[in-house]
Amino acid sequence: MASKTKRFFALLIDYLIYFFIFFYIGSLFGKEYVTEEGATGFRVEGIPALICFAFWFIVMPVLEGLTGQSIGKMIFKIKTLKQDGTKISIGNATVRHLFDVIDYLPFLGLVGLIVASKNHLNQRVGDLVAKTIVVEK
């Protein structure tokens, strides 16, 4: 099984890439806003929001479904497989990443880390639902 450390840093790379693309699209096409506290940001709606989602879908589930690896996983030489050791599909990868919201967003990945630490295959919630594992390549 791939170490949780490698998995974390692979995920970090993937989401940093996504963040920079999202920020770039937001800065080009988004509507800038300022909060009462003075913080600024971009609101992305319509076609630009669709482009952001499409980019996430292509970089995460499609790339991983076709190759077993995201960009971060390629860098860290780890790969996603079905539990039986066979190649995953785009469907498996999509299911895995739909659960990123549960695994990574609340408490900066604490949920995924706790779940992965409590099972012998180091599976986070997305892996358990999709019946996938992440292994050293």
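- In plain terms, the two heavy atoms of S117 and K4 that are nearest each other are OG-CE, 3.4 Å.
- To the nearest 0.5 angstrom, N92 atom CG is 11.0 Å from H97 atom NE2.
- No path of Ile, Leu, Val, Met, Phe, Trp and Tyr side chains, each step under 4.5 Å between heavy atoms, connects L113 with I102, placing them in separate hydrophobic clusters.
- With rounding to the nearest 0.5 Å, the separation of OH in Y24 from CZ in F29 is 7.5 Å.
- The aromatic rings of F42 and F23 stand perpendicular to each other, their planes meeting at an angle above 60°, with 30° marking the opposite boundary.
- Note: T80 OG1 to Q69 CD = 8.0 Å, rounded to the nearest 0.5 Å.
- Checked by atom type and distance alone, the side chain of T86 never pairs as donor or acceptor with a backbone atom of K82 at under 3.5 Å.
- Note that CD1 of I75 and NZ of K73 are 12.0 Å apart. Values are rounded to the nearest 0.5 Å.
- The hydrophobic cluster containing I25 also contains L28, counting ILVMFWY residues as joined when their side-chain heavy atoms lie under 4.5 angstrom apart, directly or transitively.
- Within a 6.0 Å radius of CD1 in I47, other residues, nucleotides and ligands contribute 12 heavy atoms or fewer.
- Cluster membership check: L12 shares its hydrophobic cluster with M60, using side-chain heavy-atom separations under 4.5 Å among Ile, Leu, Val, Met, Phe, Trp and Tyr.
- To the nearest 0.5 angstrom, L16 atom CG is 11.0 Å from F9 atom CZ.
- Here the side chains of F55 and I58 are not in contact, with every heavy-atom distance at 4.5 Å or above.
- V44 and I21 fall within a single hydrophobic cluster, where Ile, Leu, Val, Met, Phe, Trp and Tyr side chains are chained together by heavy-atom contacts under 4.5 Å.
- Between E136 and K6 the shortest side-chain heavy-atom distance falls below 4.5 Å.
- A2 and I78 make their closest contact through CB-CG2, 3.6 Å (heavy atoms, listed as atom of the first residue, atom of the second, distance).
- Using a cut-off of 4.0 Å between Lys/Arg side-chain N and Asp/Glu carboxylate O, D127 and R7 are scored as salt-bridged.
- Contact check on K131 versus D84 returns no salt bridge, with no Lys/Arg side-chain nitrogen under 4.0 Å from an Asp/Glu carboxylate oxygen.
- Put simply, the side chain of R124 gets close to the backbone of R96: a donor and an acceptor are under 3.5 Å apart.
- Remark: side-chain polar atoms of K87 are paired, donor with acceptor, to backbone N or O of G65 under 3.5 angstrom.
- Nearest approach of I88 to A93, heavy atoms of both residues: CD1-CB, 3.9 Å.
- Below 30°, between 30° and 60°, or above 60°: for Y18 and Y15 the angle between ring planes is above 60°, a perpendicular geometry.
- Inter-residue side-chain proximity for L63 and I71 is flagged as met; some heavy-atom pair is nearer than 4.5 Å.
- The distance from atom CG of D103 to atom CD1 of I114, rounded to the nearest 0.5 Å, is 11.0 Å.
- Using a 4.5 Å heavy-atom threshold, the side chains of W56 and P61 count as touching.
- Cluster membership for I133 and V95, using ILVMFWY side-chain heavy atoms within less than 4.5 angstrom, is not shared.
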